[in-house]
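Only this structure's heavy atoms are used, side chains among them; waters, hydrogens and symmetry mates stay out. Start at 1 and go down the list; that is how both ligands and their atoms are numbered.
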Amino acid sequence: MSDPFLLLILSSPSGAGKTTLTRKLREKFPTLRFSISHTTRKPRANEADGKDYHFIDRTQFDELVEREAFLEWAHVHENCYGTSLAEIERAKSDPSCSGIIFDIDYQGARQIRAKVPEAVSVFILPPSMVELERRLRGRASESEDAVRKRFAAARVEIEHYGFFDYLVVNDDVDSAFRHLEGVILAERSRRFRRAELAERLLRAGTL
Ligand code: ADP
Ligand code: 5GP
């Protein structure tokens with residue numbers, strides 16, 4: 001019995017632990033595919049085109065907007081990011097794929113929810129602002145200025161928690177992951193996602 005198809009939006013302020021939790025999600029749910037966004041941001045040293053993002057320039061991005069190729073798009077940290085409709089079609093046409101996870105910001109979450117009401121959205125919260133700052137500083141790769149900017153941006157992200165269906169607190173990683181897993185399992189059992197099976201059973205042969 002295959003799992004019903006899920007559109008899962010996962011957002012968080014930077015440093016709350018989204019990368020850590022999505023790594024675990026990939027291991028536990030290999031049939032969930034991660035959406036690869038388009039962005040005008042330049043690739044970082046460890047990023048590959050077509051794997052982490054589709055890296056394009058502003059003219060190409062504007063053309064895609066013009067052609068209405070995006071399900072959602074937004075300006076985030078001075079760059080443009082968007083989820084193409086083709087990305088979802090590819091996932092839906094793959095029989096081994098049971099859903100797609102979008103790592104997008106609150107603006108994208110708001111747009112997808114408005115267009116696809118059955119999409120499920122989860123916002124990951126840090127247990128406290130002190131701990132968020134500690135985690136941001138713990139990533140030694142960032143300069144003091146970058147940490148300050150990310151911390152200020154994190155406040156703005158958290159202000160928009162109301163756009164999300166679920167809030168998962170990442171205090172202890174294993175506990176946060178169990179909650180995330182619980183959301184996915186519960187959403188797969190929603191009546192509207194299983195009604196077709198119930199109806200098929202009713203139409204099936206009698207004794
Ligand atoms: P994000 O992708 O949201 O920016 P990361 O997953 O990179 O966040 O996590 C930020 C930092 O916090 C990393 O150093 C990570 O190891 C650490 N971290 C993540 N979750 C926890 C947790 N529950 N407890 C303690 N440290 C954590
Ligand atoms: P980064 O540049 O660090 O990879 O991502 C910066 C922010 O952009 C993150 O909050 C990430 O969730 C968001 N983001 C990535 N792709 C998309 C997208 O396609 N649409 C939107 N709205 N946000 C995105």
Next on the checklist: Using a 3.5 Å cut-off on N or O atoms only, is Glu157 in polar contact with ligand 2?
Outcome noted: no
Checklist outcome for this item: Atoms of ligand 1 under 4.0 Å from any heavy atom of Val173, numbered from 1 in the order shown, are 20 (N), 21 (C), 22 (C), 23 (N)
Next on the checklist: Does the plane of the ring in His54 sit parallel, tilted or perpendicular to the ring in His38? Use 30° and 60° as the thresholds.
Outcome noted: tilted
Checklist entry - Among the heavy atoms of Gly138, does any lie under 4.0 Å from an atom of ligand 1? => result no
Item to check | Nearest-neighbour protein heavy atom for atom 8 (O) of ligand 2, which is reported as residue plus atom name and distance | outcome: Val76 CG1, 3.7 Å
Next on the checklist: Check this for me - ligand 1, Asp172, N or O atoms closer than 3.5 angstrom, yes or no?
Outcome noted: no
Next on the checklist: Can you confirm whether Phe70 sits close enough to Leu85 that some side-chain heavy atom of one is under 4.5 Å from a side-chain heavy atom of the other?
Outcome noted: no
Checklist outcome for this item: protein heavy-atom neighbour closest to atom 11 (C) of ligand 2 works out as Asp103 OD1, 3.6 Å
Next on the checklist: Once you restrict to heavy atoms under 4.0 Å, what part of Lys18 touches ligand 2? Side chain, backbone, both or neither.
Outcome noted: side chain
Checklist entry - What are the two closest heavy atoms between Trp73 and Gln111, and how far apart are they? => result O-NE2, 2.8 Å
Checklist entry - Among protein heavy atoms, which lies nearest atom 20 (N) of ligand 1, and at what distance? => result Asn170 ND2, 3.0 Å
Checklist entry - So, is His77 polar-close to ligand 2, with some N/O to N/O distance under 3.5 Å? => result no
Checklist entry - Looking only at protein heavy atoms, which one is nearest to atom 20 (N) of ligand 2, and how far off is it? => result Glu72 OE2, 2.7 Å
Checklist entry - To which protein heavy atom is atom 14 (O) of ligand 1 closest, and what is the distance rounded to 0.1 Å? => result Arg139 CG, 3.9 Å
Item to check | Heavy-atom closest pair, residues Ile100 and Leu32 | outcome: N-CD2, 4.4 Å
Checklist entry - Any idea which atoms of ligand 2 are less than 4.0 Å away from a heavy-atom of Thr83? => result 19 (O)
Checklist entry - Can you tell me the protein heavy atom closest to atom 5 (O) of ligand 2 and the distance? => result Tyr53 OH, 3.4 Å
Item to check | Aromatic Phe163 / basic Arg113 pairing, under 6.0 angstrom, 45° off normal | outcome: no
Item to check | Shortest protein heavy-atom distance from atom 16 (N) of ligand 2, along with the residue and atom involved | outcome: Ser37 OG, 3.2 Å
Next on the checklist: Is it the case that the side chains of Ser143 and Asp145 hold a donor-acceptor pair, with the cut-off being a distance below 3.5 Å and no angle test?
Outcome noted: no
Item to check | Ser12 neighbourhood, listing ligand 1 atoms whose heavy-atom distance to it stays under 4.0 Å | outcome: 3 (O)
Checklist entry - Are the side chain of Ser84 and the backbone N or O of Ala69 linked by a donor-acceptor pair below 3.5 Å? => result no
Next on the checklist: Tell me the protein heavy atom at minimum distance from atom 13 (C) of ligand 2, and give that distance in Å.
Outcome noted: Asp105 N, 3.9 Å
Checklist entry - What are the two closest non-hydrogen atoms of Ala16 and Arg135, and how far apart are they? => result O-NH1, 3.2 Å
Checklist entry - For atom 2 (O) of ligand 1, what's the nearest protein heavy atom and its distance? => result Thr19 OG1, 2.4 Å
Checklist entry - Taking all non-hydrogen atoms of both residues, which atom of Glu72 and which atom of Ala74 are closest, and how far apart? => result OE1-N, 4.2 Å
Checklist entry - Taking only heavy atoms of Gly108, which atoms of ligand 2 are found under 4.0 Å from at least one of them? => result 22 (N)
Checklist entry - Nearest to atom 3 (O) of ligand 2, what protein heavy atom do you find, and at what distance? => result Arg44 NH2, 3.0 Å
Next on the checklist: Considering both backbone and side-chain atoms of Arg150, is one of its nitrogen or oxygen atoms within less than 3.5 Å of a nitrogen or oxygen in ligand 2?
Outcome noted: no
Next on the checklist: If I apply the N/O under 3.5 Å rule, does Ser12 come out as touching ligand 2?
Outcome noted: no
Checklist entry - N/O to N/O below 3.5 Å, does that happen between Gly82 and ligand 2? => result yes
Item to check | Polar atom proximity, Gln107 to ligand 2 (N or O, under 3.5 Å) | outcome: no
Next on the checklist: Using a 4.0 Å cutoff against the non-hydrogen atoms of Ala74, which atoms of ligand 2 qualify?
Outcome noted: 22 (N)
Item to check | Selected option - heavy-atom contact closest to atom 24 (C) of ligand 2, from Thr39, Ile104, Ile112 | outcome: Ile104
Checklist outcome for this item: shortest atom 18 (N) of ligand 1-to-protein heavy-atom contact is with Arg135 CD, 3.9 Å
Checklist entry - Considering only protein heavy atoms, which is closest to atom 6 (C) of ligand 2, and at what distance to one decimal place? => result Tyr81 OH, 3.7 Å
Checklist entry - Are Phe102 and Phe34 an aromatic pair by the rule of ring centers under 6.0 Å? => result no
Next on the checklist: Is it the case that the side chains of Ser121 and Asp165 hold a donor-acceptor pair, with the cut-off being a distance below 3.5 Å and no angle test?
Outcome noted: yes
Checklist outcome for this item: Minimal heavy-atom distance between Val169 and Pro127, with the atoms involved, is CG1-CA, 4.0 Å
Item to check | Leu180 side chain near Tyr166 side chain, heavy-atom distance below 4.5 Å | outcome: no
Item to check | Residue, atom name and distance, where the atom is the protein heavy atom closest to atom 10 (C) of ligand 1 | outcome: Gly15 O, 3.6 Å
Next on the checklist: In the structure I gave you, are the side-chain heavy atoms of Ile184 and Val120 within less than 4.5 Å of one another anywhere?
Outcome noted: no
Next on the checklist: What protein heavy atom lies closest to atom 8 (O) of ligand 1? Include the residue and the distance to one decimal.
Outcome noted: Gly17 N, 3.1 Å
Item to check | Proximal atoms of ligand 1 relative to Asp171 (non-hydrogen, under 4.0 Å) | outcome: 22 (C), 23 (N), 24 (N)
Item to check | Validation row: Tyr106, Tyr161 side chains within 4.5 angstrom (heavy atoms) | outcome: no
Checklist entry - Below 4.5 Å, heavy atoms only, C-beta onward: do Val168 and Phe123 meet side chain to side chain? => result no
Next on the checklist: So if I count the atoms of ligand 1 from 1 in the order they appear, which ones are less than 4.0 Å from some heavy atom of Ser14?
Outcome noted: 4 (O)
Item to check | Residue-ligand contact Thr22/ligand 1, heavy atom below 4.0 Å | outcome: no
Checklist entry - N/O to N/O below 3.5 Å, does that happen between Arg41 and ligand 2? => result yes
Next on the checklist: Check this for me, if you would: do Arg90 and Asp94 make a salt bridge, where the nitrogen-to-carboxylate-oxygen distance has to be below 4.0 angstrom?
Outcome noted: no
Checklist entry - For the side chain of Lys24 and the backbone of Phe177, is there at least one donor-acceptor N/O pair under 3.5 Å apart? => result no
Checklist entry - Taking all atoms of both residues into account, what is the closest heavy-atom pair of Leu136 and Ser14, and its distance? => result CD2-O, 3.5 Å
Item to check | Which of the ligand 1 atoms, numbered from 1, are nearer than 4.0 Å to a heavy atom of Thr20 | outcome: 5 (P), 6 (O), 9 (O), 15 (C), 19 (C)
